[in-house]
Amino acid sequence: MSTAGRHPGTTRFAAPVDDALRAAGWWPGRRDIRQAEVWADALRAHTTPAGHQHAVLASAVEIWAEFGTLPIVPSGPGREVAPTSVLIDPTPALHAARTLGDLGRALETDICPLGVEGVDGRGEALLAIDTAGRVYGVDPAGDWYLGPDFDAALTTLLLGERPHRLTPADRPGTLPAPEGARPE
């Protein structure tokens, strides 16, 4: 992996993403597993009136533990679209079990909520992850593929890269990798 545009001492994130994360209070090795477990328990305990329940995935729990509750705000203009802030907290999606379940069935995978676009907790879109670690956004305009993993999705959102709008023809093996993302 190239380290161009990355801070010394880290190869995980591009410099603008690393800057936004550190400004939010993140550091390599950050882990709040207690909060992640609280969220996992809340999702498991919730059943909609129609009987829908959330999938709780280990990959989501790891992301909640590392990035949960941090108000991650972009620091510059977007490359292709307006950049967006991110809040990792699955509770705004608590009542969206059917919506995320429907997306999972369409993509032939389980989907688990991650958080929202927007640091106020209301968000413009729900963020979710599937069993393979791919990340999606769900908003009133449609469903969006944000990247093959959380790091790529975070880069897409914070740097204002254009996400891929999902269509009925999309399946996990046909989803594109955003420009600059690591191949699957």
Side-chain angles (χ1 to χ4, degrees), residues 10-14 16-48 52-75 83-104 107 109-139 143-159 163 172 175 178 181-182 184:
T10 181
T11 58
R12 184 168 174 191
F13 297 106
V17 175
D18 191 77
D19 290 344
L21 285 166
R22 289 174 192 271
W26 175 86
W27 65 90
R30 180 184 189 272
R31 186 168 167 80
D32 184 353
I33 194 64
R34 287 186 188 153
Q35 179 60 63
E37 289 172 348
V38 167
W39 287 333
D41 290 344
L43 290 174
R44 285 186 190 106
H46 181 76
T47 302
T48 69
H52 300 282
Q53 295 182 302
H54 283 287
V56 176
L57 304 175
S59 57
V61 173
E62 291 302 315
I63 292 166
W64 299 336
E66 185 174 1
F67 301 98
T69 72
L70 298 177
I72 308 167
V73 179
S75 59
T84 185
S85 56
V86 173
L87 179 65
I88 299 304
D89 175 347
T91 59
L94 191 63
H95 298 287
R98 179 178 179 178
T99 300
L100 296 179
D102 289 348
L103 176 61
L107 294 172
T109 187
D110 286 331
I111 301 280
C112 179
L114 285 178
V116 294
E117 289 183 27
V119 297
D120 61 4
R122 290 185 306 234
E124 299 170 16
L126 298 176
L127 302 176
I129 191 167
D130 72 11
T131 55
R134 293 176 290 258
V135 178
Y136 307 91
V138 177
D139 67 21
D143 302 330
W144 306 88
Y145 173 67
L146 301 174
D149 58 39
F150 178 74
D151 293 4
L154 190 60
T155 298
T156 296
L157 295 168
L158 293 177
L159 298 185
L175 295 172
R182 294 182 300 271
E184 292 185 71

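Source: prediction; values computed, not measured.
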Do you know which two heavy atoms are closest between [X] and [Y], and how far apart they sit?
| X | Y | result |
| --- | --- | --- |
| Ser75 | Pro16 | OG-O, 4.0 Å |
| Gly104 | Ile111 | CA-CG1, 3.3 Å |
| Pro83 | Leu158 | CB-O, 3.3 Å |
| Ala152 | Asp149 | N-OD1, 2.8 Å |
| Cys112 | Ala60 | SG-CB, 3.5 Å |
| Gln35 | Asp32 | N-OD1, 3.2 Å |

Which distance, rounded to the nearest 0.5 Å, do you find between the [atom1] of [X] and the [atom2] of [Y]?
| X | Y | atom1 | atom2 | value |
| --- | --- | --- | --- | --- |
| Ile63 | Leu57 | CD1 | CG | 9.5 Å |
| Phe150 | Thr156 | CZ | OG1 | 11.0 Å |
| Thr84 | Glu124 | OG1 | CD | 4.5 Å |
| Leu87 | Ile72 | CG | CD1 | 8.0 Å |
| His52 | Asp102 | NE2 | CG | 7.0 Å |

Could you tell me whether the side chain of Arg30 and the main chain of Gly68 form a donor-acceptor pair under 3.5 Å?
yes

Donor-acceptor pair, Thr131 side chain versus Thr109 backbone, under 3.5 Å?
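Not at all, since once roles are kept as given, no pair shorter than 3.5 Å links the two residues.
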
Going by heavy atoms in the side chains, are [X] and [Y] under 4.5 Å from each other?
| X | Y | result |
| --- | --- | --- |
| Thr47 | Gln53 | yes |
| Leu127 | Val86 | yes |
| Pro90 | Trp64 | yes |
| Leu157 | Trp144 | no |
| Val138 | Leu100 | yes |
| Arg12 | Asp151 | yes |
| Pro74 | Leu159 | no |
| Val61 | Val56 | yes |

In terms of the angle between their ring planes, are Phe13 and Phe67 parallel, tilted or perpendicular, with boundaries placed at 30° and 60°?
perpendicular

Parallel under 30°, tilted from 30 to 60°, perpendicular over 60°: which one fits the rings of His46 and His54?
tilted

Assess the residue pair Tyr136 and Asp130 against the criterion (side-chain hydrogen bond (donor to acceptor under 3.5 Å, both in side chains)); give the C-alpha distance rounded to whole Å, side-chain angles, the decisive distance to 0.1 Å, and a yes or no.
CA-CA 8 Å; Tyr136 307 91; Asp130 72 11; 2.7 Å; yes

side-chain contact (heavy atoms from CB on, under 4.5 Å) partners for Val73, two or more places apart
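Scan of Val73 (side-chain contact (heavy atoms from CB on, under 4.5 Å), adjacent residues dropped) gives Ser85, Val119.
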
As a quick check of understanding, evaluate side-chain hydrogen bond (donor to acceptor under 3.5 Å, both in side chains) for Glu66 and Trp26, giving each step before the final call.
CA-CA 8 Å; Glu66 185 174 1; Trp26 175 86; 3.0 Å; yes

For side-chain contact (heavy atoms from CB on, under 4.5 Å), just list the numbers for Asp139 and Leu126, CA-CA rounded to whole Å, side-chain angles, deciding distance to a tenth of an Å, and then say yes or no.
CA-CA 6 Å; Asp139 67 21; Leu126 298 176; over 6 Å; no

